[in-house]
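Chain naming here is simple, since letters A, B, ... match the order of the sequence lines and numbering starts at 1 in each.
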2 protein chains.
Amino acid sequence: MTISEENYLKVIYHLSLVSPKGVNTNAIAGMLDTKASSVTDMLKKLSEKDLVAYQKYQGVTLTENGFRSAKMIVRKHRLWEVFLVEKLGFAWDEVHDIAEELEHIKSETLINKLDEYLDFPAFDPHGDPIPDVNGVMKKVNKLLLSEVEINKEYQCVGVKDSSSEFLKYLDKQKIALGSTFVVKEKESFDDTLLVEVNSKQITISNKIANNLYVQ
Amino acid sequence: MTISEENYLKVIYHLSLVSPKGVNTNAIAGMLDTKASSVTDMLKKLSEKDLVAYQKYQGVTLTENGFRSAKMIVRKHRLWEVFLVEKLGFAWDEVHDIAEELEHIKSETLINKLDEYLDFPAFDPHGDPIPDVNGVMKKVNKLLLSEVEINKEYQCVGVKDSSSEFLKYLDKQKIALGSTFVVKEKESFDDTLLVEVNSKQITISNKIANNLYVQ
DNA sequence: ATAAATTTTTAGTTTTGTCTAAATTTTTAT
DNA sequence: ATAAAAATTTAGACAAAACTAAAAATTTAT
């Protein structure tokens with residue numbers, strides 16, 4: 001598989017989690033920063049290789065083969081992110097682009113040895129689950145901070161948006177995976193939250209609360 | 001720089017060490033398993049980017065830019081090899097192909113953090129010197145085993161051929177970096193050596209002796 | 001010194017992945 | 001229900017990096 005094919009598969013995988021009925025050409029083009037016509041071309045190729053089920057104008061889904069391959073790419077990406085943060089000391093907002101390159105390194109043995117070296121982590125530095133050697137992921141019953149009950153205690157277990165800007169904002173607020181949250185008040189006008197984090201009270205916008213997973 | 005351009009630079013670098021006056025088109029084609037005509041095309045491109053000095057029919061040399069870039073690729077390759085052997089437990093004959101892919105990962109920060117994580121190694125698992133962040137390599141006064149004096153003690157410090165077949169042969173003979181050699185006899189007919197290694201006497205062909213560096 | 005052999009370059013194609021522009025299909029809105 | 005809008009596909013082109021076959025330059029051998 002070429003790097004380009006792998007990137008398409010990965011994007012289709014991520015979009016499938018949101019639209020399991022079929023992923024749009026335009027959505028794929030948007031994620032890959034390319035044109036819809038290029039996407040059509042690639043979907044035909046992936047279809048011929050039995051990695052996606054593609055019907056003109058009807059969107060695309062992953063075949064079993066494609067799903068397995070996509071999960072292996074995600075596995076590589078997330079394991080490399082763990083390596084970069086845990087072993088090399090990168091911050092959690094610095095690792096995405098490097099992992100985008102590392103995920104395309106071909107060796108199976110490499111990734112399994114890396115997995116072992118990292119002690120078989122189940123989650124990456126952003127709280128996303130890492131598929132094991134068989135593609136199985138730990139399932140977590142997580143909620144968005146925007147959906148939690150008032151005055152109950154929650155732990156931060158992940159971020160929905162892992163852009164550098166958002167992660168840096170969290171760093172500034174001293175919010176990290178494992179931080180304890182208690183929502184004290186919810187402003188009904190704009191859904192802004194008054195939250196206790198690290199025994200300090202801060203105000204959190206609805207946009208932020210919609211991108212923080214807790215448990 | 002594309003992966004292909006990087007591979008050409010690396011090969012020209014290695015061939016330059018043997019033919020500093022200029023590297024042949026055919027030699028490059030041989031190393032890259034490609035055709036001479038493809039090499040000509042690429043040399044024109046590298047020349048336009050001021051990475052090589054190229055004159056039709058006259059071979060090619062690296063410019064200062066090209067030399068610097070080539071050394072950085074070699075640095076990456078060798079640091080990744082150290083990582084694979086020291087941290088992930090690969091054997092020294094298994095790492096070359098994986099490092100060929102890893103050497104093309106773009107981040108400067110990554111490679112400098114990896115260097116630090118590995119404790120700034122000066123040599124890779126085959127005894128080849130690793131350029132530091134400024135491109136400087138430790139120089140070693142090494143000899144080929146085929147050139148040493150009789151009954152003097154030497155240490156194995158590297159291999160000239162790092163093909164899997166040769167390295168596996170060395171494993172079988174329990175020869176590794178650091179092994180002590182004493183040449184007891186040299187057969188003048190075919191230059192076969194009788195060598196004491198690990199306090200056992202073994203016979204070593206001239207071809208083998210020509211691929212083992214000692215000090 | 002010149003012919004033969006070798007090496008290198010040129011010219012013209014191919015493949016992969018992209019693009020633009022135009023055509024077609026599907027969806028949305030009246 | 002049909003026209004307008006949006007999404008998608010097709011057709012044709014391009015750049016990168018490779019190839020083959022033929023031409024040109026250099027080297028070698030007599």
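Checked against C/dT18, D/dT9, D/dT26, the side chain of A/Thr25 finds its nearest nucleotide in D/dT9. Of the listed nucleotides (C/dC19, C/dT8, D/dT10), D/dT10 has the atom at the smallest distance from the side chain of A/Lys44. For A/Thr40, taking side-chain heavy atoms from C-beta onward, the closest of the listed nucleotides C/dC19, C/dT9, D/dT9 is D/dT9.
With sequence neighbours excluded, no residue forms a salt bridge (charged side-chain N to carboxylate O under 4.0 Å, His left out) with A/Lys113. With sequence neighbours excluded, the residues forming a side chain to side chain contact (heavy atoms under 4.5 Å, CB included) with A/Phe120 are A/Asp115, A/Glu116, listed by chain and number.
The separation between A/Leu46 atom CG and C/dT16 atom C1' is 13 Å, rounded to whole Å. Between A/Met42 atom CE and C/dT15 atom C1' the separation is 13 Å, expressed in whole Å. A straight line from NZ of A/Lys35 to P of D/dT9 spans 16 Å, rounded to a whole angstrom. Distance, A/Asp41 CG to D/dA11 C1': 10 Å, rounded to whole Å. A straight line from CG of B/Asn26 to P of D/dA25 spans 18 Å, rounded to a whole angstrom. Between the C1' atom of D/dA16 and the CD atom of B/Glu6 lies a distance of 15 Å, rounded to the nearest Å. Atom-to-atom, CD of A/Gln58 to P of D/dA7 comes out at 15 Å; the value is rounded to the nearest Å. The separation between A/Asn7 atom CG and C/dT16 atom P is 17 Å, rounded to whole Å.
Among the protein residues, B/Ser4 comes within range of the sugar-phosphate backbone only, with heavy atoms under 4.0 Å from sugar or phosphate atoms but none that close to a base. Across all strands, B/Ser38 comes closer than 4.0 Å to base atoms (heavy-atom distances). Among the protein residues, A/Asn24 comes within range of the sugar-phosphate backbone only, with heavy atoms under 4.0 Å from sugar or phosphate atoms but none that close to a base.
The phosphate of C/dT10 has neither OP1 nor OP2 within less than 4.0 Å of any side-chain N or O from B/Tyr57. An OP1 or OP2 oxygen of C/dT10 is reached within less than 4.0 angstrom by no side-chain nitrogen or oxygen of B/Ser37. For the OP1/OP2 pair of D/dA18 and a distance below 4.0 Å, the side-chain nitrogens and oxygens of B/Tyr8 include at least one atom meeting the criterion. Residue B/Tyr54 has a polar side-chain atom (N or O) positioned under 4.0 Å from OP1 or OP2 of C/dT9.
Of the residues B/Asp190, B/Asp191, B/Leu145, the one that meets the side chain to side chain contact (heavy atoms under 4.5 Å, CB included) test with B/Asn206 is B/Asp191.
Proximity of a side-chain donor or acceptor of B/Glu5 to a complementary backbone N or O of B/Thr2 within less than 3.5 Å is detected.
With B/Tyr117 as the aromatic partner, B/Lys87 meets the cation-pi criteria of under 6.0 angstrom to the ring centre and within 45 degrees of the ring axis.
With DNA chain C read from its 5' end, the first of the two nearest nucleotides for A/Thr2 and B/Gly59 is the one closest to B/Gly59.
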